[in-house]
Amino acid sequence: MIKDYLLEEKLPLFWCAGCGNGIVLQAILRNIDKRGFTRENTVITTGIGCWGKADDYVTTNSFHGTHGRALPFSTGIKLANPSLNVFTLMGDGDGITIGGNHLIHAARRNVDLVAIMVNNLNYGMTGGQYSGTTPKHAITKTSPYGHVENGFDVCKVVQAAGAPFVARGTVYDVVQLDKLISKAIDHKGFSFVEVISPCPTHFGRSNKLGDAPKMMQWIKDNTISQEKAAGMTRDELQGKFVTGIFEEREQEDYSTAYQKVIDSLRGGENE
Amino acid sequence: MGEFRFMQGNEAMTEGAIAAGARFYAGYPITPSSEVAETSSIRLPQVGGLYVQMEDEIGSMAALIGASAAGKKAYTATSGPGLSLMAENLGVAVMGEIPCVLIDVQRSGPSTGLATKPAQGDVLQARWGTHGDHSIIVLSPSSVQDCFDLMVTAFNYSEKYRTPVIFLSDEIIGHLREQVILKSPEELDIFERPEPTGDPKDYRPYDHSNGLAPLSHFGSPYIFKVNGSMHDEWGRPCARPDNADRIIRHLSEKIEAHAEEIAITRRYNMDDAEIVLICYGGAARSALSAMKKAREEGIKAGVLQIVTLWPVPDQEIREAIAQAKTVIVPELNLGQYIGEVEKRNEKNIPVIGVNRIDGQPIVPAQILAEVEEAAK
Ligand SMILES: Cc1ncc(C[n+]2csc(CCOP(=O)(O)OP(=O)(O)O)c2C)c(N)n1
Ligand code: SF4
Ligand SMILES: [Mg+2]
């Protein structure tokens, strides 16, 4: 039961009404439950931010570290004990902005874990300043005249960095999101899922996207499948959220490769 | 029986760490510590351990802490610039009470400074490098043998007090080659993490009401919530003022209250010493030679070597001051530890610093000159 993984004493959630974080957390816990992962064999690591508070609500092992560093904490955890199921939760600030260097190296290093980045296009926790995914022209607390920089296409970055599983979903399409997370869990190696999610309190308000339901609609209206996107030009794709699985490829994970080194040195002897 | 070897300080640190049971290294190479990384990458897989080179020192410190929380004794090695990058996550180890050993082979700073030259400029950064009130254990080796033996002590302290320990070496000791005995496992006292007992449902990783709570690790039946934010006994976030007060005091007290137990000092010719050299690390070697020469000249000089820099060996320093007419503190910095001596100088005797900051070791003659001057 998903309830077994939810720390009820800590409810209600700290997140604003209409925030997408609760939907993503539910999807993750549903999948953990479906797999029958135990609380003891699961570790959820988080960064710092609104999404970074997800560990507050789980009964599994958890690690609440520093802003942007969830991936290297997870790397140490998984490499020290490869039998653990490690989930790494990051915001867009965590994942691609302050922690961007860790993200590309984690993708390349290919440690077997699931990384889920909730992209709400800004720093929710600190009041809605721009992040590395904030689109050009968007209004945030620190781009009051419209953002002059371009945002990352995070999945492209992670794909180029060598991750064997890369996907994007949204909180609007929960059925698809469930499937993406499920596939990410199944995939051995570094599995990355970006989830487009609303922050009605800051990004929504600053950009006059309306209340929470309207913001959900805004995400829906701007989402297109990668099949549809295939025929579109770069200009047509501006401001669109392309969803689907962009990479799904077998590749030896770090622990397996390193174990071979150990075995070759020790002739199979175990310590 | 131990094994006689001739090796470098940095290499002996790797051997010491492995002898202490460490099986995980995460780091980013930097002079003059890189040999720790290189020898670890050779040795760890041989004993079933793991070496991983991270993208920077921020990630290294994080991976180290993660591995320790997952049950492996873990260490890293760096130098000044890397120590600065490790500072934030060092605080996670402090707050999360996760054992780990951070080796800092000091070089001249600030910034890139003199990248290959010795210094002892990180003494206060080791103490206060991460933000917020906390206590920490810092050990300073002065020989290759120390690099081995004291490394075992560093891991033992780290596990026993659930704290990061900084192994504050310097370029002189890191690159020194001399004979060392690599002790065999039977000759070593290794402190192993006490496993939690009782009903896993009741396990509280931060309940220290009956002494330090035993440390769980991820994968054990005892659920472990590690939290760098202010937390309650369960590791769940808790911002109540009384809770914050309790945690901060605990983080300091769990070390300061055991300062005498943690203190390691060495006394040379101290029985009748009137001029006392208080020193540590690479500079302690020069201080010892200077003291011996002074004795040959009939000067009653002695050496109090501080091995545990933090927490400060209060009693030992006070006793030295009580018997001395003059205290001399040689350091490869502008005077970082001398402040700890001065704080305890209620007698108001002369406390004189001998300092060198040009990337060169302090030579015995420089210290001897001060001793002779004081003896006049
Ligand atoms: C080193 C550091 N710099 C800055 C901060 C302040 N800070 C906390 S959360 C955050 C941004 C969070 O944004 P994101 O990761 O996108 O998460 P969200 O709140 O949007 O879910 C910032 C800048 C911090 N905690 N640590
Ligand atoms: S500020 Fe934004 S991201 Fe944070 S909880 Fe509220 S809606 Fe969610
Ligand atoms: Mg965000």
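Proteins come first, then strands; the chains are lettered A, B, ... in the order of their sequence lines, and each starts at number 1. This is a predicted model, so every value here is computed, not measured.
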**Student:** Which region of A:Leu7, side chain (C-beta onward) or backbone (N, CA, C, O), has a non-hydrogen atom less than 4.5 Å from a non-hydrogen atom of chain B, or is it both or neither?
**Tutor:**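 Only the side chain of A:Leu7 comes within 4.5 Å of chain B.
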**Student:** Measure distances from B:Val92 to the heavy atoms of chain A and classify the residue's part below 4.5 Å as side chain, backbone, both or neither.
**Tutor:**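 The side chain, not the backbone.
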**Student:** Are the side chain of A:Tyr258 and the backbone N or O of B:Tyr51 linked by a donor-acceptor pair below 3.5 Å?
**Tutor:**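 The answer is yes, because a donor-acceptor pair under 3.5 Å joins these two groups.
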**Student:** Does any backbone or side-chain atom of B:Phe24 lie under 4.5 Å from a heavy atom of chain A? Answer side chain, backbone, both or neither.
**Tutor:**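 The side chain, not the backbone.
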**Student:** Name the region of B:Ile223, side chain, backbone, both or neither, that has any atom closer than 4.5 Å to a heavy atom of chain A.
**Tutor:**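 Both parts, heavy atoms under 4.5 Å.
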**Student:** Please find the pair of heavy atoms, one from B:Glu55 and one from A:His102, that lie closest to each other, and give the distance.
**Tutor:**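 That closest heavy-atom pairing would be OE2-ND1, 2.8 Å.
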**Student:** Rounded to the nearest 0.5 Å, what separation is found between the CG atom of A:Asp56 and the OG atom of B:Ser229?
**Tutor:**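 Between A:Asp56 CG and B:Ser229 OG, I get 8.0 Å after rounding to 0.5 Å.
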**Student:** State whether the side chain of A:Lys10 and the backbone N or O of B:Pro237 hold a donor-acceptor pair below 3.5 Å, judged by distance alone.
**Tutor:**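 Judged by distance alone, yes, a pair lies under 3.5 Å.
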**Student:** Working to the nearest 0.5 Å, report the span between CG of B:Asn89 and CZ of A:Phe73.
**Tutor:**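 CZ of A:Phe73 is found 4.0 Å from CG of B:Asn89.
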**Student:** What part of A:Thr42 lies closer than 4.5 angstrom to a heavy atom of chain B: side chain, backbone, both or neither?
**Tutor:**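 Neither; nothing under 4.5 Å.
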**Student:** Tell me, with the steps shown, if B:Met61 and A:Arg69 meet side-chain contact (heavy atoms from CB on, under 4.5 Å).
**Tutor:** CA-CA 10 Å; B:Met61 196 65 211; A:Arg69 319 301 173 193; over 6 Å; no
**Student:** Checking the side chain of A:Asn61 only, and the main-chain atoms of B:Lys225 only, is there a donor and an acceptor separated by less than 3.5 Å?
**Tutor:**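 Absent.
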**Student:** Between B:Ser220 and chain A, which part of the residue has a heavy atom less than 4.5 Å away: side chain, backbone, both or neither?
**Tutor:**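 Contact with chain A: backbone only.
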**Student:** Looking at every non-hydrogen atom in both residues, tell me the closest pair between B:Gly48 and A:Arg266 and how far apart they are.
**Tutor:**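 Heavy atoms only, the tightest pair is N-NH1, 3.3 Å.
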**Student:** Side chain, backbone, both or neither: which part of B:Ala69 has a non-hydrogen atom closer than 4.5 Å to chain A?
**Tutor:**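 Contact with chain A is through the side chain of B:Ala69 alone.
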**Student:** Over all heavy atoms of both residues, which pair between B:Val52 and A:Arg109 is shortest? Give the atoms and the distance, please.
**Tutor:**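 That closest heavy-atom pairing would be CG2-NE, 4.0 Å.
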**Student:** Might you point out which heavy atoms bring B:Ala70 and A:Leu84 nearest each other, and give the distance in Å?
**Tutor:**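 Heavy atoms of B:Ala70 and A:Leu84 come nearest at CB-CD1, 4.4 Å.
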**Student:** How far does CG of A:Leu265 sit from CD of B:Gln46, to the nearest 0.5 angstrom?
**Tutor:**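 Answer rounded to 0.5 Å: 6.0 Å.
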**Student:** Given side-chain contact (heavy atoms from CB on, under 4.5 Å), test B:Phe218 with A:Asn41 step by step and report yes or no.
**Tutor:** CA-CA 7 Å; B:Phe218 299 141; A:Asn41 275 329; over 6 Å; no
**Student:** So how far is it from B:Lys72 NZ to A:Asn81 CG, rounded to the nearest 0.5 Å?
**Tutor:**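 Interatomic distance, B:Lys72 NZ to A:Asn81 CG, rounded to 0.5 Å: 6.5 Å.
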